[in-house]
K.L.:
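First, the structure itself, so that you have it in front of you.
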Amino acid sequence: MTTAAHTPRVGVLGLGAMGLPMAGHLLAAHGSLHLTGRRPERAAELVAAGATWHESPRELAAASDAVLVVLPDLPELESVLAGEDGLLAGADELLIMVSSTVSPTGLRELAERLATETDGRVGVIDSPVSGGEDGARAGTLSIMLGGPADDVATATSILSPCGRPVHLGPLGAGEVAKACNQMIVSSTILALGEASVLAERSGIDLAVLWDLLGGGYAGSNLLESRREKLVTGDDSPSGVAKYMVKDLTFAADVADATGTHPVLLPTLRAAFDELVDAGLGERDIAVTRRFVAER
């Protein structure tokens, strides 16, 4: 929605494990950045480096042409949109870039509602990312964009310091791509967990196994990033497992909408539901090793 000739003023809302390092890249690349979130202390280093802290989403919107939202899901986004201190209260012409993993249908409905409520002043694109905390820190994220070409072009120029933005289609296309991504990630990490248990119980050194298999068809970025956790059994949080439940639910919604009858997806949903019910949802996704071992 930003059509001004000048460089867009960029804001970031949500300074968690992904949002904070992304904000660092944006500040370094663009020279200025506007921030808000629930924990001001997380922004201290960015503010010291030149970013501007705002006490509310309303203040953030008033100071920004485009805001990157890095929150878990649409309910959290809705909570920062509404009210006298919400984004909409401070927005003039504003582009909201949703880097959360959310329902494609829900995102489209939200975008239509905001366009109506604001007479087209507030636009929405989807920009979910893949690459985890490692990719966020390194600036190598895969950024999946969906939305109108002009808005996506603006988002691409803004988000390029964080990784590789690619326009995949209309609004919601990025979220569909992320759902596909999460199907692959969830199936891979579940297989890695099961294989780790099978190998360990067969007397095979896991460090040697994953060094060997990582050079073949079993190798992947996910194995590389989670290798040590799988070997040591350390499943302290990075990308927490419980979010796979909602992500796989969105994938199932896409399957229903496209008349697809998946084979793996129902099994993956059941496995991660069971994992969360077992009290392991707050652990890293590498907790699949412990989950399988304790079944």
Side-chain angles (χ1 to χ4, degrees), residues 1 11-14 16 18-19 22 37-38 57 60-61 66-83 86-89 91 94-130 141-149 151-152 155 159 165-186 239-260 262 265-266 268-269 272-273 276 281:
M1 292 301 298
V12 176
L13 196 162
M18 299 296 290
M22 292 176 73
R38 292 181 302 172
L60 180 75
V67 171
L68 176 68
V69 177
V70 194
L71 298 174
D73 202 351
L74 287 178
E76 291 82 2
L77 174 55
E78 292 277 11
S79 71
V80 299
L81 284 171
L87 284 172
L88 296 182
L94 184 66
L95 175 63
I96 299 176
M97 302 173 289
V98 181
S99 277
S100 318
T101 302
V102 305
S103 162
T105 302
L107 185 68
R108 294 185 193 108
E109 292 172 352
L110 173 65
E112 290 174 5
R113 194 186 85 224
L114 294 185
T116 300
E117 291 178 357
T118 65
D119 294 323
R121 292 182 295 104
V122 175
V124 175
I125 67 161
D126 45 328
S127 59
V129 300
S130 179
L141 294 170
S142 296
I143 306 171
M144 301 162 244
L145 302 177
D151 289 345
V152 167
L159 298 177
V166 175
H167 189 190
L168 295 168
L171 185 68
E175 298 297 349
V176 172
K178 183 60 185 287
C180 294
N181 180 86
Q182 295 303 81
M183 288 178 62
I184 296 168
V185 170
S186 61
V240 295
K242 68 178 181 180
Y243 289 137
M244 276 299 178
V245 173
K246 76 174 179 67
D247 296 352
L248 293 171
T249 299
F250 298 148
D253 292 343
V254 174
D256 289 342
T258 57
T260 304
L265 182 53
L268 293 170
R269 291 180 69 191
F272 278 89
D273 282 343
V276 171

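Below, each value reflects all heavy atoms present in this structure, side chains not excepted, and no hydrogens, waters or symmetry copies.
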K.L.:
Taking the side chain as C-beta and beyond, is there a heavy-atom pair between Thr105 and Asp253 under 4.5 Å?
P.N.:
no

K.L.:
For a quick test of reading the model, state the closest non-hydrogen atom pair linking Leu87 to Ala61 and the distance between them.
P.N.:
O-CB, 3.3 Å

K.L.:
State, to 0.1 Å, how close Ala155 and Ile125 come at their nearest heavy-atom pair, and which atoms those are.
P.N.:
CB-CD1, 3.2 Å

K.L.:
Between Asn181 and Thr101, is the side chain to side chain contact (heavy atoms under 4.5 Å, CB included) condition met? List the steps.
P.N.:
CA-CA 11 Å; Asn181 180 86; Thr101 302; over 6 Å; no

K.L.:
Rounded to the nearest 0.5 Å, what separation is found between the CG atom of Asp126 and the CD1 atom of Ile96?
P.N.:
13.0 Å

K.L.:
Taking the side chain as every heavy atom from C-beta outward, state whether Leu94 and Arg121 have any atom pair closer than 4.5 Å.
P.N.:
no

K.L.:
Is Leu110 close to Leu77 at the side-chain level, that is, under 4.5 Å between some pair of heavy atoms?
P.N.:
yes

K.L.:
Does Val129 have any side chain to side chain contact (heavy atoms under 4.5 Å, CB included) partners at least two apart in sequence or in another chain, and if so, which?
P.N.:
Met18, Met22, Ser99, Leu141, Ile143

K.L.:
Please name the pair of heavy atoms, one in Leu168 and one in Ala177, separated by the smallest distance, quoted to 0.1 Å.
P.N.:
CD1-CB, 3.4 Å

K.L.:
Could you check if a side-chain atom of Met244 sits within less than 4.5 angstrom of a side-chain atom of Val185, using non-hydrogen atoms only?
P.N.:
yes

K.L.:
List the atom of His167, the atom of Gly147, and the distance in Å for their closest heavy-atom pair.
P.N.:
NE2-O, 2.9 Å

K.L.:
Go through it in stages, so that I can follow the logic: the residues are Lys242 and Val245, the test is side chain to side chain contact (heavy atoms under 4.5 Å, CB included), and I'd like the CA-CA distance, side-chain angles, deciding distance and then a yes or no.
P.N.:
CA-CA 6 Å; Lys242 68 178 181 180; Val245 173; 5.6 Å; no

K.L.:
What heavy-atom pair brings Leu171 and Ala111 nearest, and what distance separates the two atoms?
P.N.:
CD2-CB, 3.3 Å

K.L.:
Does the pair Glu78/Arg113 count as a salt bridge with the N-to-O cut at 4.0 Å?
P.N.:
yes

K.L.:
Quick one: does Ser127's side chain get under 4.5 Å of Leu145's, heavy atoms only?
P.N.:
yes

K.L.:
So, taking the atom named CD in Glu175 and the one named CG in Leu74, what distance separates them when rounded to the nearest 0.5 Å?
P.N.:
8.0 Å

K.L.:
For Ser79, what residues pass the side chain to side chain contact (heavy atoms under 4.5 Å, CB included) criterion, not counting sequence neighbours?
P.N.:
none

K.L.:
Can you tell me how far apart CZ (Arg269) and CG (Asp247) are? Round to the nearest 0.5 Å.
P.N.:
11.5 Å

K.L.:
For residues Phe272 and Thr249, determine if any side-chain heavy atom of one lies less than 4.5 Å from a side-chain heavy atom of the other.
P.N.:
no

K.L.:
Can you name the nearest heavy-atom pair linking Ser100 to Leu71, along with the distance?
P.N.:
OG-O, 2.5 Å

K.L.:
Hey, could you give me the CG/CE distance between Leu265 and Met183, rounded to the nearest 0.5 Å?
P.N.:
4.5 Å

